[in-house]
Protein chains: 2
Amino acid sequence: MSDVARTAGVSVATVSKVVNGRYGVARATVERVQQVIHELGYEASLGAQSLRSHRTNVLGILLAEFEPFSTELLKGASQEVAGSGYQLLAYSSGDGEGAAVGWERRSLARLSGTLIDGAVIVTPTVVETENNFHVVAVDPHTGPSHLPTVDSDNFAGAVLATNYLLSLGHTRIGHISGRTDLMSAQLREAGFRSAMAEAGVPVDERLVRPGGFRIETAAGPAAELLGLADRPTAIFAGNDLSAISTMAVARDMGLCVPDDLSVIGFDNVPESALVNPPLTTIMQPLQRMGAEALRLLVDLIAGVERDTHIRLPTELVIRSSCRPHR
Amino acid sequence: MSDVARTAGVSVATVSKVVNGRYGVARATVERVQQVIHELGYEASLGAQSLRSHRTNVLGILLAEFEPFSTELLKGASQEVAGSGYQLLAYSSGDGEGAAVGWERRSLARLSGTLIDGAVIVTPTVVETENNFHVVAVDPHTGPSHLPTVDSDNFAGAVLATNYLLSLGHTRIGHISGRTDLMSAQLREAGFRSAMAEAGVPVDERLVRPGGFRIETAAGPAAELLGLADRPTAIFAGNDLSAISTMAVARDMGLCVPDDLSVIGFDNVPESALVNPPLTTIMQPLQRMGAEALRLLVDLIAGVERDTHIRLPTELVIRSSCRPHR
DNA sequence: TTGAAAGCGCTAACAG
DNA sequence: CTGTTAGCGCTTTCAA
């Protein structure tokens with residue numbers, strides 16, 4: 001900025017005013033400065049700017065890692081943000097979901113004082129809201145949260161999945177549940193149990209194991225389930241990654257999906273269509289969730305009064321990983 | 001930080017030393033300060049820290065928008081970065097590819113002085129390297145570039161695609177080319193022409209139109225091609241999004257893919273398997289490209305001597321959007 | 001209409 | 001071993 005100031009023969013204060021479109025600068029000066037800015041290709045440093053002004057027009061999306069779930073949200077958010085005047089900054093603590101818990105708190109602390117005007121946090125565990133800084137959670141932690149939230153109807157989706165398996169004649173149905181700290185995972189398991197009870201089919205507790213929502217963490221539980229002498233004939237996986245992991249484990253054990261084992265997932269990330277056979281799953285409108293989260297955040301910042309809890313519907317997507325029992 | 005200092009009864013300078021693990025602080029003091037930091041949940045502000053120290057351990061990935069191509073790169077980069085001690089920050093100028101050109105220069109200027117230690121830029125047009133700041137380009141602008149680069153063998157991939165169509169008996173083959181400023185788009189068109197020439201099949205210039213690599217920008221050209229009285233029997237789209245767009249246009253015009261029209265794409269983004277019929281395409285190892293780009297960047301920063309141009313192979317992925325002619 | 005000066009949260013010399 | 005001080009690039013009074 002001092003380069004610009006020197007070249008244009010003004011002070012940095014004046015350049016700042018021009019950059020920010022403040023009143024009280026002569027027309028001619030504005031033009032001259034803008035000219036120089038253009039020539040030099042000057043762009044204000046985000047770091048310095050935010051440090052001083054606490055307003056950056058940048059919105060943050062905080063996530064543990066870039067995996068299919070969060071990148072779908074990102075796509076939706078990205079479309080929504082276009083033309084809003086905001087820029088998007090996706091930040092990953094980088095250690096992956098497995099390592100350091102509390103990444104959401106740390107990332108938020110690191111960015112919120114400065115740099116971003118608000119944040120959407122993906123699958124956060126604990127977040128204490130700071131005053132005057134807006135946060136919206138996507139698929140948050142279990143328990144009552146005061147946070148503005150976007151999620152989908154996980155319970156209904158799980159019922160959908162379980163009923164589909166039931167309708168195919170399966171009764172020995174296993175469930176690989178998700179991150180036990182997440183509301184969504186609990187609701188999916190609850191939906192599973194509810195549908196089973198409704199159908200009068202008892203749940204064998206040995207067939208229900210936590211899989212952590214990730215490929216690596218789901219492989220173990222999947223192997224245990226499939227290694228049982230009386231193994232399940234169908235598995236409802238807590239999300240698509242767990243389902244994909246389960247299918248890989250099944251293949252390694254010489255089982256054929258769907259002939260020997262039906263598998264249904266949850267999420268409908270694009271990857272679910274890439275596996276062989278293509279995965280039957282429950283769709284959450286992920287891109288729309290990302291878009292809604294972003295819109296909600298923008299509204300919150302703008303002070304718009306509105307509903308701060310958005311729940312979107314889920315839907316059964318039938319592909320080829322399930323087949324009738326027997 | 002001053003809160004921490006006050007609570008611990010030391011100066012901010014001392015806190016800073018503790019935070020950064022500098023020598024010259026008494027054991028007892030270190031422990032006390034760390035205790036307070038933990039209690040207060042203090043985390044250094046990225047903005048302030050970077051402004052002063054010019055070292056943040058954050059690597060940037062700059063992109064025009066979060067679409068399937070760049071999010072695949074992100075997934076690969078995210079896996080590669082785990083355990084490297086770096087964090088990842090993906091930044092989107094937000095106006096979408098359509099709007100403001102020069103986003104890469106602006107984003108870079110905004111973040112590079114501070115905030116990030118290096119950047120990978122996705123499909124950049126023009127980037128002047130600043131000294132002492134490391135940048136690697138993925139799928140860069142046409143023309144000789146001094147930038148460290150990661151890309152795939154676009155020419156060979158295009159030949160693969162064209163030969164496949166040719167082998168199916170097609171001769172009226174259209175090509176929806178990509179962003180004309182990108183090396184990759186030019187090479188794909190060149191590969192197409194080369195394969196056609198090799199086969200002795202003339203290229204009808206009316207069947208070659210630029211599609212800009214995006215759903216919205218490809219729809220027009222696709223409609224023009226398919227509206228021709230002697231429309232092509234097969235189309236090689238410059239990337240998967242163009243192919244998906246072409247399929248949608250074809251459907252709207254009452255054409256059936258692949259019966260009335262064969263379509264082949266390029267990229268193999270996960271979305272290509274989601275459309276109906278699933279898209280036959282040329283695979284670029286996108287996640288690996290993201291991982292390689294990140295590793296290259298880390299090496300550059302570390303001062304490792306190594307090859308700074310990485311080209312990965314492409315591959316034909318046959319699904320259901322192409323069929324023999326007649 | 002302009003610029004001098006203070007300060008955002010932090011780090012690095014340097015002095016004590 | 002610890003604190004004082006200057007300053008990173010910017011914005012914002014406030015006085016000229």
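Letters A, B, ... mirror the listed sequences (proteins, then strands); counts begin at 1.
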Fill in: Trace of the side chain to side chain contact (heavy atoms under 4.5 Å, CB included) decision for A/R27 with A/V30
CA-CA 5 Å; A/R27 187 84 114 117; A/V30 171; 5.8 Å; no
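Proximity of a side-chain donor or acceptor of A/T29 to a complementary backbone N or O of A/V25 within less than 3.5 Å is not detected.
Among pairs with a residue in residues 33-47 of chain A, those fulfilling side-chain hydrogen bond (donor to acceptor under 3.5 Å, both in side chains) read A/Q35-A/E39, A/S45-B/T114, at least two apart in sequence or across chains.
At a threshold of 4.0 Å, the pair B/E65-B/R214 counts as salt-bridged, since one of the basic side-chain nitrogens sits closer than that to a carboxylate oxygen.
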Could you list the protein-to-nucleotides 14-16 of chain C atom pairs, N/O on both sides, closer than 3.5 Å?
none

Which atom pairs, one a donor and one an acceptor, fall under 3.5 Å between side chains of residues 298-308 of chain B and the rest of the protein, sequence neighbours left out?
unit_1: B/D299; atom_1: OD2; unit_2: B/R306; atom_2: NE; d: 3.0
unit_1: B/D299; atom_1: OD2; unit_2: B/R306; atom_2: NH2; d: 3.2

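Here chain A contacts DNA chain D (any atom closer than 4.0 Å to a heavy atom, that is under 4.0 Å), and the contacts span D/dG9 to D/dT12 from 5' to 3'.
Among the protein residues, B/V10 comes within range of the sugar-phosphate backbone only, with heavy atoms under 4.0 Å from sugar or phosphate atoms but none that close to a base. Residue A/A13 is classed as a base contact, given a heavy-atom separation below 4.0 Å to a base.
Between A/L46 and A/L115 there is a side-chain heavy-atom pair separated by less than 4.5 Å. Proximity of B/L74 to B/F66: side-chain heavy atoms (C-beta onward) are separated by under 4.5 Å at one or more points. With contacts defined as side-chain heavy-atom distances shorter than 4.5 Å, the pair B/E104/B/T125 qualifies. Under the 4.5 Å side-chain criterion, counting only non-hydrogen atoms from C-beta, B/V12 is not in contact with B/T14. Counting heavy atoms from C-beta on, the side chains of B/V138 and B/I121 never come closer than 4.5 Å.
We find that CG of B/L46 is positioned 12 Å from C1' of C/dG9, with the value rounded to whole Å. Atoms CE (B/M1) and C1' (C/dG7) sit 17 Å apart, rounded to a whole Å. Between A/R52 atom CZ and C/dA6 atom C1' there is a gap of 7 Å when expressed in whole angstrom units.
For the helix from C/dT1-D/dA16 to C/dG16-D/dC1, the end axes, each set by the C1' atoms of five terminal pairs, are bent relative to each other by 40° (nearest 10°).
Checking B/R55 against B/Q49 by side-chain atom types alone, no donor-acceptor pair falls below 3.5 Å. Side-chain atoms of A/E67 and A/S70 form a donor-acceptor pair, as typed in the model, at a separation below 3.5 Å. Side-chain N/O atoms of B/S184 and B/D139 include a donor and acceptor closer than 3.5 Å.
Residue B/Q49 has a polar side-chain atom (N or O) positioned under 4.0 Å from OP1 or OP2 of C/dT11.
Comparing A/V30 and B/E43 by the nucleotide of DNA chain C that holds the closest heavy atom to each, the one mapping nearer the 5' end is A/V30. Comparing A/S16 and B/S11 against DNA chain D, the residue whose closest nucleotide sits nearer the 5' end is B/S11.
Within residues 19-29 of chain B, the residues approaching DNA chain C are B/N20, B/R22, by heavy-atom distance under 4.0 Å.
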